[in-house]
Amino acid sequence: MKDRYEFKEIEAKWQKIWADEKAFKTVEDDSKEKFYVLEMFPYPSGKLHMGHARNYSIGDVIARFKKMAGYNVLHPMGYDSFGLPAENAAIQHNVEPAKWTYENMEEMDRQLSSMGLSYDWDRKVATCKPDYYRWMQWIFIQFYKKGLAYKKDNPVNWCPSCNTVLANEQVVEGKCERCHTEVTKKNLSQWYLKITDYADRLLDNLDKLEGWPDKVKTMQRNWIGKSYGANIDFRIKDSDKVLEVFTTRADTLFGATYMVMSPEHPYVDELVSGSEVEADVREYQESVKHKSDIERTSTTTEKTGVFIGRYAINPVNNKEIPIYISDYVLMGYGTGAIMAVPAHDQRDFDFAKKFGLEIVPVVDPENPDIDLYDLKEAFVAEGSMINSGKFDGMNNIQAIPAMIDWLNEQGIGDKTVNFRLRDWLISRQRYWGTPIPMIYCEDCGWVPEKEENLPVLLPTDVEFTGKGESPIASSKTFVDTICPVCGKPAKREIDTMDTFLDSSWYYLRYTDAHNENLPFAKEKADYWMKVDQYIGGVEHAILHLMYARFFQMFLHDIGMSDVEEPFENLLTQGMVIKDGAKMSKSLGNIVSPAEIQEKYGSDTARLFILFAAPPEKELDWSDEGVEGSFRFLCRVYRLIYDYIKDIRGDEIVCGDSAALTEADKNLNYMINSTIKKVTEDVGGRFNFNTAISSIMELVNAMYKYRNGKEINLPLFNKAVETLVTVLSPFTPHICEELWTMLGHEDRLYNKEWPSYDESALVLDEIEVVVQINGKLKDRLKLPNNTEKEVSIEAAKSLDRVKAETDGKEIVKIIFIPNKIVNFVVK
RNA sequence: GCCGGUGUGGCGGAAUUGGCAGACGCGCGGGAUUCAAAAUCCCGUGAUAGCAAUAUCGUGUGGGUUCGACCCCCACCACCGGCACCA
């Protein structure tokens with residue numbers, strides 16, 4: 001027993017014991033209620049940062065608490081280990097991505113263990129290992145078999161300097177995240193997953209996710225972007241073609257004075273072919289292709305476009321209206337063409353003003369301040385219909401369904417729903433990812449590799465130049481193969497999968513991490529799923545969390561899992577900031593978990609992280625605050641050390657406490673109220689900061705009690721053991737050590753969570769507040785549950801109350817038992 | 001522009017949801033201990049006035065509801081985050 005808190009020794013000792021005892025290994029057990037706690041697994045960059053430390057500290061408190069509370073807890077960890085940084089290391093430092101990644105994972109293992117996290121390491125997964133990506137490929141083939149994976153030509157983000165495709169998330173403000181070159185569009189043949197088939201379900205199910213923050217649900221709703229409207233057909237003059245548009249504002253159809261097609265619209269070529277504007281149109285199309293996203297989508301840029309020399313017929317009034325192409329109309333949304341109503345749409349208004357097009361108002365704001373025939377901006381609010389034939393006078397909102405019905409009768413329009421969500425482009429021209437297990441045969445077309453031949457292994461004979469197509473193309477062994485259908489020579493797909501696929505089902509693999517016949521056995525997934533508590537950064541609110549939901553729905557649909565949604569409760573932790581800004585290299589305000597562990601130990605790091613702010617809020621890093629957390633642990637250690645050495649001596653305390661003095665009762669109250677508070681704060685609302693503050697209050701009370709006259713040994717012993725137990729989910733090493741010092745041979749991590757004694761929480765005397773007109777005037781000590789009349793009389797007899805009510809009329813008396821007596825006087 | 005969030009001491013944050021505003025921690029001030037210092041233990045610490053008891057003010061701003069509002073309602077301001085030419 002050391003007289004000082006030697007954190008390094010203690011932490012190393014207990015980490016070894018937990019590992020040797022396989023303390024957190026878990027198996028399916030129907031006799032207990034299960035609880036699955038999951039933190040978003042990291043990319044193995046090799047260095048744990050404070051965001052990781054926060055994420056895992058939160059998860060670990062929950063996991064340890066739930067285990068002590070009697071649940072069968074699954075708390076796994078692994079690595080999202082495919083991805084670009086490994087390949088950049090290969091290009092820049094000539095290290096193989098596999099070597100780089102495996103070394104990093106070893107280092108991360110060490111760092112995670114040093115935090116004392118309660119993982120079941122036997123279930124570790126790494127997405128870059130063939131035993132994982134084999135099943136990733138298998139799942140991809142199931143998508144393909146259901147018609148949900150397909151290949152098509154489409155414009156994609158292209159970095160002309162790196163010569164590669166970029167994912168949307170790798171385009172930062174219109175520039176390549178690596179070389180900062182402006183990104184352009186290029187047509188390439190790519191694999192897609194048909195997530196749009198699940199758009200409605202992804203949207204509707206959000207209402208059922210009660211354990212998710214509204215913020216995340218709203219972000220997903222906006223991303224899916226469902227809107228109701230109509231498709232309307234416009235005949236093109238002197239052509240047999242019909243131009244279909246999508247609109248949410250069918251009510252404004254009479255105000256459509258021109259039309260706009262996307263420059264990529266498939267009709268454009270034919271409509272302009274051979275005309276005198278053909279050259280202009282082609283030039284415009286070309287310029288749009290070379291525009292960066294940033295220019296093209298900026299709302300501040302002036303509208304551009306070209307008249308294509310053609311006219312359409314507005315079906316409601318047979319007016320001939322000119323057709324333009326402009327890049328403000330996107331091919332990927334709706335039908336790629338719009339009817340333009342400049343009076344009631346700001347974008348159309350801007351365009352019409354620039355090109356001198358007619359503006360016809362059809363909704364009257366009925367506001368004398370607005371001159372309908374000289375609008376300064378589009379009028380987009382509610383009003384009554386004008387210039388609209390038989391619809392005149394109707395409220396425009398009501399006119400929408402009326403107009404659609406009428407169009408329907410005429411056979412020129414239909415009710416439609418549109419989504420903003422697009423299919424998921426999953427091809428990457430990269431090496432360090434899961435090979436897409438598809439083979440191209442001249443005769444059979446694209447066919448999947450036979451499932452028994454999986455995994456399609458990543459080749460190792462490749463060159464990393466950072467230029468051109470996927471490095472896999474340079475392999476001499478990979479590309480040439482035979483067609484699984486007809487046996488003729490064929491070629492493998494050389495692109496790999498977006499790493500977001502790997503992370504879309506890893507939580508299922510944890511439930512059965514070593515299965516060699518399937519991604520996971522259904523019984524195991526059904527035992528553990530859903531994830532009861534998922535914890536991670538809000539930056540994954542849309543992509544990862546939506547892709548995972550999509551995968552879970554699909555795997556449910558093909559009978560592999562009973563559950564349709566993967567995550568029951570979601571906690572999005574706040575950022576770690578310092579000096580008012582996010583920790584970053586460029587600002588030089590980074591504090592690494594490693595340096596805190598070195599100086600104060602992991603328990604202090606965990607305690608500070610959990611104490612300084614509630615988990616979903618920003619955490620403002622403070623070196624003095626860390627010092628304070630360390631001081632608290634020293635204070636706890638000293639209190640218990642002194643107790644064992646000087647107070648308890650060699651005597652082991654047991655038995656019931658005798659008659660309690662006033663001070664004893666107070667301590668007993670503190671013991672029980674602390675258990676109650678911590679149980680509620682950790683088990684229910686995840687307010688770790690207030691749970692810790694209540695434990696600090698207990699420690700303060702124990703010092704005060706100890707410094708008093710007489711010590712009731714059994715009671716004080718109970719306080720000591722309670723303290724060590726309820727603190728253990730937060731700072732497990734020091735608590736296990738103190739528990740052992742107290743003479744126990746069992747382990748805290750296995751110990752039952754304490755319950756509290758309600759009767760100890762009932763005080764004999766309660767302080768009741770006395771108010772006059774709602775203002776605090778005095779306090780009154782009264783026996784618990786004193787009835788109304790007695791309380792009021794006692795309050796009335798107070799000097800302060802007498803003085804202030806004298807000569808005034810008491811209009812009303814408000815009484816709340818054990819809380820308030822309030823006199824309302826005039 | 002649209003959607004979401006947050007505004008409380010010198011600082012991080014409490015207030016169990018309409019009932020003692022400022023728990024707990026940091027910082028600061030004082031005391032004990034020490035030859036001295038560090039560490040530790042104890043006390044104090046929203047503002048203003050007062051020796052004091054005490055009084056007045058006080059949760060971004062302005063109004064409202066209520067015996068009583070950080071909490072509910074209306075209007076506004078500031079900051080942060082997400083999406084953004086989605087028809």
Side-chain angles (χ1 to χ4, degrees), chain A residues 4 213-219 221-223 225-227 229 245-249 252 260 262 296-301 303 326-330 332-341 344-348 350-351 380 418-422 538-539 541-542 574-575 577 580 607-608 611-614 616-629 631-632 634-635 638 676-677 680-681 684-685 687 689-697 699-700 703-704 706-707 767-779 800 810-814 816 819-825:
Chain A
R4 275 187 40 206
D214 288 337
K215 180 185 181 178
V216 172
K217 288 192 276 190
T218 306
M219 281 164 78
R221 275 190 201 105
N222 292 341
W223 188 265
K226 186 176 187 174
S227 54
V245 301
F246 172 73
T247 181
T248 54
R249 293 293 306 275
T252 62
V260 188
S262 159
R296 187 166 171 175
T297 59
S298 165
T299 40
T300 53
T301 325
K303 295 272 180 291
S326 170
D327 60 4
Y328 84 90
V329 175
L330 310 171
Y333 185 77
T335 62
I338 61 156
M339 65 176 206
V341 186
H344 304 293
D345 180 285
Q346 191 57 40
R347 294 156 299 179
D348 298 345
D350 295 342
F351 192 88
V380 294
N418 249 292
F419 292 94
R420 213 187 72 110
L421 182 71
R422 313 289 160 79
V538 74
E539 66 273 19
I542 298 172
M575 274 192 318
I577 61 166
L607 186 70
F608 173 72
F611 176 62
E616 68 282 359
K617 284 185 75 171
E618 273 184 352
L619 167 63
D620 198 351
W621 191 264
S622 141
D623 293 332
E624 293 84 7
V626 178
E627 189 88 37
S629 293
R631 245 182 344 236
F632 171 72
C634 292
R635 202 164 138 83
R638 208 157 39 234
K676 183 171 191 221
K677 178 80 177 152
E680 286 170 359
D681 283 355
R685 5 181 264 167
N687 282 4
N689 55 335
T690 51
I692 293 167
S693 78
S694 72
I695 297 174
M696 288 173 167
E697 285 180 79
V699 171
N700 291 343
Y703 266 93
K704 199 170 240 169
R706 188 200 67 179
N707 295 342
E767 204 172 70
V768 172
V769 168
V770 180
Q771 297 179 335
I772 291 174
N773 290 339
K775 286 207 164 195
L776 171 75
K777 292 297 168 188
D778 210 341
R779 289 162 229 268
R800 295 284 315 274
I810 297 176
V811 189
K812 199 174 171 186
I813 300 171
I814 286 144
I816 298 165
K819 265 196 179 143
I820 276 177
V821 179
N822 182 19
F823 298 97
V824 184
V825 299

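Just so it is clear, the model here is predicted, and its values are computed rather than measured. Below, chain A is the first sequence line, B the second, and so on; all start at residue 1.
Listed nucleotides A84(B), G13(B), G27(B) differ in distance to P614(A); the shortest reach to its side chain belongs to G13(B). Taking the side chain of K812(A) as heavy atoms from C-beta on, and the options C41(B), C67(B), G82(B), the nearest nucleotide is C67(B). Closest approach to the L776(A) side chain among C24(B), A87(B), A21(B) is made by A21(B) (side chain taken as heavy atoms from C-beta onward). With distances taken from any side-chain atom of R631(A) to the nucleotides C41(B), G25(B), C26(B), the minimum falls on C26(B). Here A23(B) is the nucleotide among A23(B), A15(B), G25(B) with the atom lying nearest to any side-chain atom of E697(A). Candidate nucleotides A14(B), C41(B), C67(B) were compared by shortest atom distance to the side chain of R638(A), and C41(B) ranks first. Ranking G19(B), C43(B), C42(B) by closeness to the K704(A) side chain, first place goes to C43(B). Side-chain atoms of E680(A) lie closest to U16(B) of the nucleotides C41(B), U16(B), G82(B). Checking G13(B), A87(B), C41(B) against every side-chain atom of T248(A), the shortest atom distance belongs to A87(B). The side chain of I814(A) has G19(B) as its nearest neighbour among G13(B), C85(B), G19(B).
Side chain N822(A) to base C67(B): a donor-acceptor pair is found below 3.5 Å. Below the 3.5 angstrom threshold, one finds no donor paired with an acceptor across the side chain of Q346(A) and the base of G1(B). Scanning atom types as modelled, no donor and acceptor separated by under 3.5 angstrom connect the side chain of K215(A) and the base of C3(B).
Between N689(A) and the phosphate of A14(B), there is a side-chain N or O to OP1/OP2 separation shorter than 4.0 Å. The shortest distance between the side-chain N/O atoms of Y703(A) and the OP1/OP2 oxygens of C41(B) is below 4.0 Å. The side chain of R635(A) contributes an N or O atom lying less than 4.0 Å from OP1 or OP2 of C41(B). Contact annotation: N700(A) reaches the phosphate of G25(B) (side-chain N/O to OP1 or OP2, under 4.0 Å). Using a 4.0 Å cut-off, no side-chain N or O of R420(A) falls inside it from OP1 or OP2 of C2(B). Distances shown here put every side-chain N or O of K677(A) at or beyond 4.0 Å from the OP1 or OP2 atom of A14(B). Residue T690(A) places no side-chain N or O under 4.0 Å from the OP1 or OP2 atom of A23(B).
Using a 4.0 Å heavy-atom distance criterion, S622(A) is classed as making no nucleic acid contact. F419(A) comes within 4.0 angstrom of no nucleic acid atom, judged by non-hydrogen atoms across all strands. Counting non-hydrogen atoms under 4.0 angstrom, S629(A) reaches nothing in the nucleic acid. Residue contacts shown for G628(A) are limited to sugar-phosphate atoms, with no base heavy atom under 4.0 Å away. At a threshold of 4.0 angstrom between heavy atoms, the contacts of E618(A) are confined to the sugar-phosphate backbone, with no base atom among them. Residue-level contact check: R706(A) touches neither bases nor backbone, having no heavy atom under 4.0 Å from any strand.
The glycosidic torsion of U17(B) lies within 90° of 0, which places this base in the syn conformation. A syn orientation is assigned to G9(B), its glycosidic angle lying within 90° of 0.
N689(A) approaches F611(A) most closely through the heavy-atom pair CB-O, 3.3 Å.
Within the 3.5 Å criterion, the main-chain N or O of Y703(A) finds a donor-acceptor partner in the side chain of N707(A).
Checked by atom type, the side-chain pair S227(A)/N418(A) shows no donor-acceptor distance below 3.5 Å.
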Exercise. Step by step, would you call Y333(A) with F419(A) a side chain to side chain contact (heavy atoms under 4.5 Å, CB included)?
Worked result: CA-CA 8 Å; Y333(A) 185 77; F419(A) 292 94; over 6 Å; no
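Ring geometry, F608(A) versus W621(A): the interplanar angle exceeds 60°, so the pair is classed perpendicular (tilted spans 30 to 60°).
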